[in-house]
There are 2 protein chains.
Amino acid sequence: MRSFIDEFAIGAFLLPAELEMLQSGIISKHVAKGQVLLKKGELYGKTYFVKQGCLRSYSVDEKGKEHIFMFAPEGWIISANESLLPNTPAELYIDAIEASEIEVFDREFMARFEESPTVPRPVFAKLVKRMAVLQRRIIMLMSATALERYQDFLATYPEMAQRVPQKMIASYLGITPEALSKIRRGLAKGHH
Amino acid sequence: MRSFIDEFAIGAFLLPAELEMLQSGIISKHVAKGQVLLKKGELYGKTYFVKQGCLRSYSVDEKGKEHIFMFAPEGWIISANESLLPNTPAELYIDAIEASEIEVFDREFMARFEESPTVPRPVFAKLVKRMAVLQRRIIMLMSATALERYQDFLATYPEMAQRVPQKMIASYLGITPEALSKIRRGLAKGHH
DNA sequence: AACGCAACTTAACCTGGATTAAGAAATATA
DNA sequence: TATATTTCTTAATCCAGGTTAAGTTGCGTT
């Protein structure tokens with residue numbers, strides 16, 4: 001159960017005083033399963049680092065349907081403020097899908113982080129990796145069938161399939177639970 | 001027609017000697033319309049900064065169909081090496097859809113860039129913005145109809161609609177040119 | 001144990017967008 | 001200017017996945 005500072009080896013890039021200041025902006029806390037951390041429309045959304053458990057971010061469309069944008073198991077960072085941009089309707093909710101231990105980076109922390117002239121390489125590298133995941137997801141959504149996307153999900157996140165309910169997997173894949181059920185039946189029978 | 005170094009104010013973060021070294025790794029060149037810069041499967045894909053014109057990156061599926069991942073008009077950076085990662089089947093092609101003036105960052109440049117312990121804030125900020133665009137695109141692909149995605153595209157990239165052929169817009173939206181044609185007809189008639 | 005509810009499945013039917021094929025309009029090449 | 005080639009449109013048909021509705025199955029509560 002490593003902390004954000006450990007996970008990204010951020011200490012190595014800072015003077016002890018700076019490190020101290022950063023750490024003072026990080027609050028550790030426990031959240032219960034189902035607890036909502038961030039509601040759509042809240043300003044200055046916080047950022048969360050998951051030490052234990054699993055969070056998710058999702059949007060809700062006009063019909064009330066949830067669309068899961070990402071799962072954040074141990075070691076992941078999750079936030080909604082990536083959407084603070086021109087033409088930005090799609091804001092996100094964040095909640096805990098398991099009882100979790102998290103670190104919360106508040107507004108001051110983010111401001112301080114954003115003011116520093118350079119960004120530690122490991123943080124940047126993490127972002128590049130995340131981008132690759134998003135890129136891949138877009139290409140899959142554009143060119144692959146629901147079956148192919150499901151198989152890709154299973155291969156990419158083998159542990160998640162055991163940890164989250166099917167309806168959430170369906171929501172992540174962009175299909176209905178009924179359609180996922182049909183696909184799983186197909187796989188269980190011959191059609192692999 | 002600003003260069004990469006200017007656009008990101010990178011000079012401000014470096015010593016003159018470092019700046020000199022960086023600049024020596026950047027090659028400016030002109031590419032003709034239709035010229036392919038990077039083929040799927042090529043190792044150590046280069047990164048391109050567009051000074052003038054427009055590039056695009058795209059994948060090609062088993063049926064030979066192209067899926068445009070992004071357009072890169074003036075001021076954009078485009079590369080395929082975001083996919084140099086675990087489980088990475090979907091590599092991209094890059095070509096010029098207009099005659100363009102570009103800067104090419106070669107392998108050595110990227111290596112040098114990747115070795116530095118910190119990343120200039122403006123580069124990081126650009127990446128965060130790009131992430132927001134990708135996030136938005138994923139949510140749209142999951143929850144919006146083709147008509148809604150087309151309208152969103154027009155709002156987000158008003159100039160692109162005039163610059164690229166329809167079939168490329170269709171490819172970017174994840175639909176066929178026929179379907180886009182139908183949508184446009186609908187918009188031209190009453191159904192706004 | 002019995003209830004209540006949410007998660008999952010099944011099945012019938014519907015629809016948005018794909019496919020196929022053909023023609024019209026625009027662009028390039030001679 | 002004529003001709004070839006690519007782009008765009010129209011229309012007919014098809015199908016993956018959505019919608020609706022009715023079961024099951026599983027599980028937490030009292």
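Proteins get letters first, then strands, A, B, ... in listed order; numbering begins at 1 in each. Computed over heavy atoms, backbone and side chain alike; hydrogens, waters and symmetry mates excluded.
- Of the two residues contacting DNA chain C, namely B:Lys33 and B:Lys182, the nearest-nucleotide position lying further toward the 5' end is that of B:Lys182.
- The distance between atom CZ of A:Arg149 and atom C1' of D:dA16, rounded to the nearest whole Å, is 10 Å.
- To the nearest angstrom, P of D:dC8 lies 13 Å from CD1 of B:Ile175.
- The overall bend of the helix from C:dA1-D:dT30 to C:dA30-D:dT1, read as the angle between its terminal helix axes built from five base pairs each, is 50° when rounded to 10 degrees.
- The backbone N or O of A:Leu141 lies less than 3.5 Å from no partner atom in the side chain of A:Arg149, so there is not a single donor-acceptor pair.
- Side-chain atoms of A:Glu66 do not come within 3.5 Å of backbone N or O of A:Tyr58 as any donor-acceptor pair.
- Which of C:dA21, C:dA7, C:dG17 sits closest to the side chain of A:Lys167 comes down to C:dA7.
- Aromatic ring orientation, B:Tyr150 versus B:Phe153: parallel (interplanar angle below 30°, classes split at 30° and 60°).
- Atom CE in B:Met142 sits roughly 15 Å away from atom P in D:dG17 (whole-Å rounding).
- Residue B:Lys65 is classed as a sugar-phosphate contact, given heavy-atom separations below 4.0 Å to backbone atoms only.
- With the nearest nucleotide of DNA chain D identified for both B:Glu178 and A:Ala146, B:Glu178 has the one nearer the 5' end.
- For A:Leu147 and D:dC15, the CG to P distance is 17 Å, given to the nearest whole Å.
- Among the nucleotides C:dT10, C:dG17, D:dC8, the one closest to any side-chain atom of B:Ala179 is C:dG17.
- Residues A:Tyr172 and A:Phe71 bring their aromatic ring centres within 6.0 Å.
- Contact annotation: A:Thr176 side-chain N/O to D:dG18 OP1/OP2 distance is under 4.0 Å.
- Contact check, B:Arg185 against D:dT10: a side-chain N or O comes under 4.0 Å of OP1 or OP2.
- Closest heavy-atom contact between A:Leu154 and A:Ala161: CD2-CB, 3.6 Å.
- Note: CG (A:Leu180) to C1' (C:dA7) measures 12 Å, nearest angstrom.
- Between the P atom of C:dA18 and the CD1 atom of B:Ile183 lies a distance of 8 Å, rounded to the nearest Å.
- Relative to the side chain of B:Arg184, the nucleotides D:dT9, D:dT7, C:dT10 differ in distance, and D:dT9 lies closest.
- For the pair A:Gln166 CD and C:dT9 C1', the interatomic distance rounds to 10 Å; values are reported in whole Å.
- Residues that satisfy the salt bridge (charged side-chain N to carboxylate O under 4.0 Å, His left out) test with A:Glu74, not counting sequence neighbours, are A:Arg163.
- Each of B:Arg136, B:Met142, B:Gln135 was evaluated against B:Ile138; a single residue qualifies, B:Met142, per the side-chain contact (heavy atoms from CB on, under 4.5 Å) test.
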